[in-house]
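Quick note: numbers below take in every heavy atom, side chains included, and nothing from hydrogens, waters or symmetry partners. Just so we're on the same page: letters track the sequence lines, and every chain starts at 1.
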There are 2 protein chains.
Amino acid sequence: MTATAARCPMRGRPPDPSKRAAIVAAAGALFSRQGYGISMEAIAGEANVSKQTIYNLFSTKEHLFGAVVASCSETIIEAIPTPAEHAPPTEGLSRIAHEYVRFMTSGKIPLVYRLMISAPSEVGAVLTAQFYDNGPRRALAQVADYLRDQDRLGNLKIANPDLSAECFFGMLNGQILIRNMLGLQDHWSEAHLDEKADYCVAMFLSEHAQK
Amino acid sequence: MTATAARCPMRGRPPDPSKRAAIVAAAGALFSRQGYGISMEAIAGEANVSKQTIYNLFSTKEHLFGAVVASCSETIIEAIPTPAEHAPPTEGLSRIAHEYVRFMTSGKIPLVYRLMISAPSEVGAVLTAQFYDNGPRRALAQVADYLRDQDRLGNLKIANPDLSAECFFGMLNGQILIRNMLGLQDHWSEAHLDEKADYCVAMFLSEHAQK
DNA sequence: TATTTACTGGACTACATAGTCCATTTTGAC
DNA sequence: GTCAAAATGGACTATGTAGTCCAGTAAATA
């Protein structure tokens with residue numbers, strides 16, 4: 001009966017939604033950069049909000065962390081490369097590859113992964129599982145489905161679509177993800193990224209192209 | 001003049017080297033599992049040692065963490081797959097691949113990565129860079145050299161050995177590393193690992209084999 | 001045996017932080 | 001204007017932990 005919104009008269013000062021957004025954003029940034037140990041005071045300061053306001057919205061630090069994780073999963077899902085279903089494999093894979101390497105080097109996503117890992121295990125165990133299922137696993141499944149379709153259509157020869165999808169993303173990742181997670185920031189030039197994407201697509205097709 | 005060992009008379013109870021080893025081992029395990037926030041008391045307890053003994057050997061928590069990181073780099077270096085230099089590529093790559101996937105799923109190495117990431121940035125920035133250079137980067141360079149040789153020998157056609165090595169390891173990793181770092185432990189069957197290794201080698205050779 | 005050093009265990013200090021409380025101010029709805 | 005809820009800021013409690021201190025005990029040499 002979630003009648004929360006039905007408290008008709010609606011008296012008093014209405015909550016400012018920008019506060020909540022600012023808190024989640026600040027918490028995300030600080031958790032990623034400094035780890036879960038960052039203080040609530042620091043988060044409040046970064047969000048330009050009083051500590052009490054945080055506790056009005058989130059009962060505990062863990063709840064706040066959960067909210068941050070949820071918002072991250074959304075980010076990842078939005079950014080999943082969706083293969084054009086009827087595009088020929090060369091074109092479809094190439095688009096996925098170029099999008100993905102840019103996605104992974106965009107600065108935002110590595111922070112998401114760092115965030116997930118920064119939580120101590122007691123806090124993060126369930127959340128990380130949810131995150132993986134909602135984000136990376138879904139992206140993987142989508143591409144595996146695409147590969148299955150292309151096999152059925154006779155455009156590619158794919159014996160094990162799941163394995164192929166996993167390895168395809170793996171080679172696109174290369175060292176990017178691990179280096180980012182370790183906090184070693186480096187600049188990957190556009191040319192380098194394109195070269196890598198093209199190389200991976202070529203290798204994948206050389207194995208799977210229907211002759 | 002490191003004359004520490006030259007204090008000739010050597011009176012008094014000699015230090016027990018097993019204490020230091022136990023401390024580093026316990027700290028490594030707990031940092032990996034629980035994060036840098038784990039208490040020194042807990043480490044002392046896990047190592048069956050008094051807290052004071054830890055502080056006799058390591059002046060601060062950061063120093064202890066540094067010692068753990070150093071020991072991890074060694075572990076990684078020891079486990080770098082070293083390609084047999086004169087083996088034909090099919091065989092050499094296959095050996096690397098099978099060794100590597102087992103290595104990455106051995107349970108020990110994911111913990112090392114988790115350890116590196118668990119340190120808050122102030123503590124870990126320099127250490128993680130050292131770790132990467134001593135461990136993963138070295139492994140990568142070794143395989144790149146191997147690929148360069150095979151290209152020179154006319155066994156493979158490799159335009160960019162560094163890129164090829166990076167992508168080769170990347171596809172072997174697939175989702176293994178990321179899932180382990182997220183703490184999602186799963187069991188990878190031997191058959192699955194062999195299939196993946198064989199698949200990656202086949203794909204790599206199908207692109208690079210000299211016809 | 002005497003001496004010197006390693007190690008233990010427990011008490012202790014100093015400090016940071018999660019979370020609470022409350023008096024005051026702001027903001028919008030009526 | 002009036003009222004109710006939102007937000008502030010600052011004081012406050014409780015707790016946990018890094019690091020110290022110390023008195024006692026174990027283990028080796030001389």
When you measure from the side chain of [X], which nucleotide among [options] comes out closest?
| X | options | answer |
| --- | --- | --- |
| Pro15(B) | dG19(D), dG19(C), dA6(C) | dA6(C) |
| Ser39(A) | dA7(D), dT17(C), dG19(D) | dT17(C) |
| Pro14(A) | dT8(D), dG28(C), dT3(C) | dG28(C) |
| Arg11(B) | dT20(D), dT4(C), dA18(C) | dT4(C) |
| Lys19(A) | dA18(C), dT5(C), dT8(D) | dT8(D) |
| Lys51(B) | dA7(D), dG19(D), dC7(C) | dG19(D) |

Taking side chain as C-beta onward, heavy atoms only, is Leu64(A) less than 4.5 Å from Met40(A)?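 They are in side-chain contact.
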
What's the [atom1]-[atom2] distance between [X] and [N], to the nearest Å?
| X | N | atom1 | atom2 | result |
| --- | --- | --- | --- | --- |
| Asn48(B) | dG9(C) | CG | C1' | 14 Å |
| Asp16(B) | dC7(C) | CG | C1' | 9 Å |
| Met40(B) | dA18(D) | CE | C1' | 8 Å |
| Gln52(B) | dT5(C) | CD | P | 16 Å |
| Arg13(A) | dA6(D) | CZ | P | 9 Å |
| Ile54(A) | dG9(D) | CD1 | P | 12 Å |
| Leu64(A) | dT17(C) | CG | P | 16 Å |
| His63(A) | dA18(C) | NE2 | C1' | 15 Å |

Over 60° means perpendicular and under 30° means parallel, so tell me whether Trp188(B) and His192(B) are parallel, tilted or perpendicular.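 Aromatic pair Trp188(B)/His192(B) classed perpendicular.
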
For the residue pair Tyr36(B) and Phe65(B), categorise the inter-ring angle as parallel (less than 30°), tilted (30 to 60°) or perpendicular (more than 60°).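 The arrangement is perpendicular - the two ring planes meet at more than 60°.
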
With sequence neighbours excluded, give me every ring pair (Phe, Tyr, Trp, His ring centres under 6.0 Å) pair touching residues 123-144 of chain A.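 Sorted result for residues 123-144 of chain A: Tyr113(A)-Phe131(A).
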
Arg148(A) and Asp145(A): salt bridge (Lys or Arg N to Asp or Glu O under 4.0 Å), yes or no, with the steps? CA-CA 5 Å; Arg148(A) 223 181 310 270; Asp145(A) 286 344; 3.4 Å; yes

If you assign Glu41(B) and Gly37(A) each to the DNA chain C nucleotide with the nearest heavy atom, which residue ends up on the more 5' nucleotide?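 Upstream on the strand: Glu41(B).
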
OP1 or OP2 of dT8(C) under 4.0 Å from side-chain N/O of Ser50(B):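 Affirmative; the distance criterion is met.
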
